[in-house]
K.L.:
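Sharing a structure here in structure tokens format.
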Amino acid sequence: TGTGPRRRFHAAGFLQRRLSGGERREVQREILAVLGLPGRPRPRTPAASRAPAAAAPLFMLELYRAVAGEEEEEEEVSRPVLTGFSTQSPQPGSAVSRADTVVSLVNMVEQDRDIFSPRPYWKEFRFDLTQVPAGESVTAAEFRIYKARGVTRHPNNTLHVSIYEIAAEHSNRESDLFLLDVQDLRAGTEGWLVFDVTAASNHWLVDRKYNLGLRLYVETDDGHSIDPGSAGLLGRRGPRSKQPFMVTFFRASPSPARVSR
Amino acid sequence: AAKPPRRRQPKKTNDLPHPNKLPGIFDDVHAADGRQVCRRHELYVSFQDLGWLDWVIAPQGYSAYYCEGECAFPLDSCMNATNHAILQSLVHLMKPEAVPKACCAPTKLSATSVLYYDSNNNVILKKHRNMVVKSCGCH
């Protein structure tokens, strides 16, 4: 009901009232509450260096487009869960359709036992799940890592890539590991590898002390350990658009209790 | 109650309702007496105007549809009326002080998604079910 400079004609032809500073903050607070956020997120790195090239935002943007397309069409298509060797572009699958929230997690720590260390070789990754939404349960979780051609002389040889959850670490002996997923592929293959790590993310959400990360091994057909870097598996030192990340799918718990505002 | 006199049934046709009678799709739907009937309106919330594009990746804004308009008897101009709304409108005619008119409210809602960065640079895709008003009607 305002008048004068506080009202303006919108392009569509109807009168639109300009919000005061207080009203704007109130609107922002309400929208943040709908999104389930306590406050406005403040990403650490500047926007310009985050968005365009990084693998996780690119993947999530593709996922957003797929979900938005589904919402447009209002189709309930049931397709297989996103697992196995795939391209970067996600397909709208049942894991995506069922999820209320999808979070891509940036790899925080990467450790290698590479060709300069005793065998077996491995690569470790760690993700921070402290910011995941409360009151939601994990329906699926994927670890995505890019495989380049590598330095193999035998591109048709089979490689076994296995991913483990680090269950416990010991100072005097090898860590306790829990096998999550295995994939067999040709040494000359190039593209994104997707591993099912749902069990690990469930453990990590139960208690943060279990979050000791993931460990990846590569072996040949005859059981020889191969340095993951030499096999072409890219880590944090790879191009930004091909760095490993984790995607977790959450479903809101059907709790009747809602936060009152 | 006295039996009402028999009326001639109107001739049945296979014609679809006039598209302008479908609420929530077309603008400027008015009842015969000039009142605006229950229909869907749009209020666009621009994330750019809110200065949020440094953390919201997509969409650039949100079409906040809402339902507004009258649910007055007869409800023939509002095709999306429930049986109860028709009955309530009738009772309202008889006892306007005691019984309010039927309400103009969403009849169909759909989901919408937002893609944004959290403070750890993780990217979150959040789906909100039953968030966007697809159509309005009298309840």
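Chain naming here is simple, since letters A, B, ... match the order of the sequence lines and numbering starts at 1 in each.
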K.L.:
So A/F250 and B/I124, do their side chains get closer than 4.5 Å, heavy atoms only?
P.N.:
no
K.L.:
What's the spacing between A/R40 CZ and B/W52 CH2 if we round to 0.5 Å?
P.N.:
8.0 Å
K.L.:
Heavy-atom cut-off 4.5 Å, strictly under: side chain, backbone, both or neither for A/L37 against chain B?
P.N.:
side chain
K.L.:
Nearest heavy-atom pair of B/S119 and A/P41: which atoms, and what distance?
P.N.:
OG-CA, 3.7 Å
K.L.:
What pair of heavy atoms forms the shortest contact from A/M60 to B/V123, and how long is it?
P.N.:
CE-O, 3.4 Å
K.L.:
Judged by atom type as modelled, is there a donor-acceptor pair below 3.5 Å linking the side chain of A/T101 to the main-chain atoms of B/K126?
P.N.:
no
K.L.:
Ignoring hydrogens, what is the shortest heavy-atom contact between B/S113 and A/Y64? Give both atom names and the distance.
P.N.:
O-CE1, 3.4 Å
K.L.:
Measure distances from B/V56 to the heavy atoms of chain A and classify the residue's part below 4.5 Å as side chain, backbone, both or neither.
P.N.:
neither
K.L.:
For the CZ atom on A/R25, are there more than 12 heavy atoms of other groups (residues, nucleotides or ligands in this structure) within a distance under 6.0 Å?
P.N.:
no
K.L.:
Which bit of B/Y116 is near chain A, if near means a heavy-atom gap under 4.5 Å: side chain, backbone, both or neither?
P.N.:
side chain
K.L.:
Against chain B, work out which of A/Q28, A/R42, A/M108, A/R24 has the most heavy-atom pairs shorter than 4.5 Å and name it.
P.N.:
A/Q28
K.L.:
Between B/N122 and A/L105, which heavy-atom pair has the shortest distance, and what is it?
P.N.:
OD1-CA, 3.4 Å
K.L.:
What are the two closest heavy atoms between A/V67 and B/K127, and how far apart are they?
P.N.:
CG1-CE, 3.9 Å
K.L.:
Check B/I57 against A/L61 and note the closest heavy-atom contact, atom names and distance.
P.N.:
CG2-CD1, 3.8 Å
